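Heads up: the structure comes next, in structure tokens.
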Amino acid sequence: QVQLTESGGGSVQSGGSLKLSCRLSGDSYRSYCMGWYREVPGKAREGVAAIEIDSTATYVDSVKGRFTISQDIAKSTLYLEMNNLRAEDTAMYFCAADDRVGWGECPTYRETAGFGYWGQGTQVTVSS
């Protein structure tokens, strides 16, 4: 059974930076499409970023140029580096994974909120 464990959230001032990490255990990292989504109470989940095994990445428009998704396959770890954070980035951030067999090519960030596996989430709070 695959497990995702996130870390790295916290509270920062507007303009600050945070780097989230997510370790996949229980199966081969290469077997999964990976991404991040975020959730704010009362709002729909929002896909933030997704990455292919060749590190091709896609992002929601609101984070382009500020967030970078990356991975260390040898460590089975996914990252989300967040710079120039804004108050509207405040959310619970979830690492997500989905079995790539069902996809062929991994989908874009739009699908990450519907992935089959996710971690416990890590809170990011940005104060203005």
Side-chain angles (χ1 to χ4, degrees):
Q1 178 79 7
V2 64
Q3 287 190 315
L4 301 170
T5 306
E6 301 107 331
S7 62
S11 297
V12 295
Q13 298 269 22
S14 178
S17 299
L18 286 171
K19 186 172 183 177
L20 309 183
S21 299
C22 168
R23 186 171 183 280
L24 185 150
S25 60
D27 204 345
S28 171
Y29 183 92
R30 290 181 177 273
S31 296
Y32 294 88
C33 295
M34 301 295 296
W36 294 91
Y37 70 87
R38 60 190 178 187
E39 200 167 74
V40 175
K43 293 188 177 181
R45 290 180 178 181
E46 179 182 49
V48 174
I51 190 167
E52 251 292 13
I53 204 68
D54 66 358
S55 294
T56 301
T58 59
Y59 301 90
V60 65
D61 283 349
S62 61
V63 308
K64 282 181 181 177
R66 300 188 298 121
F67 290 15
T68 303
I69 187 172
S70 62
Q71 61 194 352
D72 185 332
I73 297 171
K75 294 182 178 180
S76 298
T77 302
L78 180 73
Y79 303 99
L80 186 67
E81 184 167 2
M82 306 182 293
N83 296 314
N84 194 18
L85 282 159
R86 305 168 180 167
E88 54 264 38
D89 295 317
T90 295
M92 185 73 81
Y93 283 74
F94 294 85
C95 170
D98 212 20
D99 192 330
R100 65 169 57 242
V101 170
W103 293 104
E105 287 187 5
C106 286
T108 69
Y109 71 91
R110 291 182 179 88
E111 305 295 337
T112 56
F115 278 5
Y117 300 97
W118 56 91
Q120 81 280 5
T122 185
Q123 178 67 37
V124 171
T125 302
V126 185
S127 56
S128 55

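Since this is a predicted model, take the numbers as computed values, not measurements.
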Determine whether a donor-acceptor pair (N or O, by modelled atom type, separation under 3.5 Å) exists between the side chain of [X] and the backbone of [Y].
X: Thr77; Y: Lys75; answer: yes
X: Gln120; Y: Thr5; answer: no
X: Arg45; Y: Ala113; answer: yes

Contact between [X] and [Y] at the side-chain level, heavy atoms closer than 4.5 Å - yes or no?
X: Val126; Y: Leu18; answer: no
X: Val60; Y: Glu46; answer: yes
X: Leu24; Y: Leu78; answer: no
X: Tyr109; Y: Val48; answer: no
X: Met82; Y: Lys19; answer: no

Take Glu52 and Arg100, measure what salt bridge (charged side-chain N to carboxylate O under 4.0 Å, His left out) needs, and give me the verdict at the end. CA-CA 10 Å; Glu52 251 292 13; Arg100 65 169 57 242; 3.4 Å; yes
Transitive ILVMFWY side-chain link Leu80 to Tyr29, under 4.5 Å: yes
What about Ile73 and Ile51, same hydrophobic cluster or not, with Ile/Leu/Val/Met/Phe/Trp/Tyr joined at side-chain heavy-atom distances under 4.5 Å? yes
Atom [atom1] of [X] and atom [atom2] of [Y]: how far apart are they, to the nearest 0.5 Å?
X: Lys64; Y: Thr58; atom1: NZ; atom2: OG1; result: 8.5 Å
X: Thr122; Y: Met92; atom1: OG1; atom2: CE; result: 7.5 Å
X: Glu105; Y: Ile53; atom1: CD; atom2: CD1; result: 13.5 Å
X: Ser21; Y: Asp72; atom1: OG; atom2: CG; result: 10.0 Å
X: Leu4; Y: Ser25; atom1: CG; atom2: OG; result: 7.5 Å
X: Tyr79; Y: Met34; atom1: OH; atom2: CE; result: 11.5 Å

I need the minimum non-hydrogen distance between Ser128 and Ser14, along with the two atoms involved. CA-CB, 4.0 Å
Can you label the angle between the Tyr32 ring and the Tyr117 ring as parallel, tilted or perpendicular, going by 30° and 60°? perpendicular
May I ask you to check whether Tyr37 and Phe94 place their ring centres under 6.0 Å from each other? yes
Quick one, Thr112 with Trp36, criterion side-chain contact (heavy atoms from CB on, under 4.5 Å). Give me CA distance, side-chain angles, the key distance, then yes/no. CA-CA 6 Å; Thr112 56; Trp36 294 91; over 6 Å; no
side-chain hydrogen bond (donor to acceptor under 3.5 Å, both in side chains) partners of residues 82-96, not counting sequence neighbours, each pair once: Ser17-Asn83, Arg38-Asp89, Arg38-Tyr93, Arg66-Asp89
Disulfide bond (SG atoms under 2.5 Å apart) contacts touching residues 56-128 (sequence neighbours left out): Cys22-Cys95, Cys33-Cys106
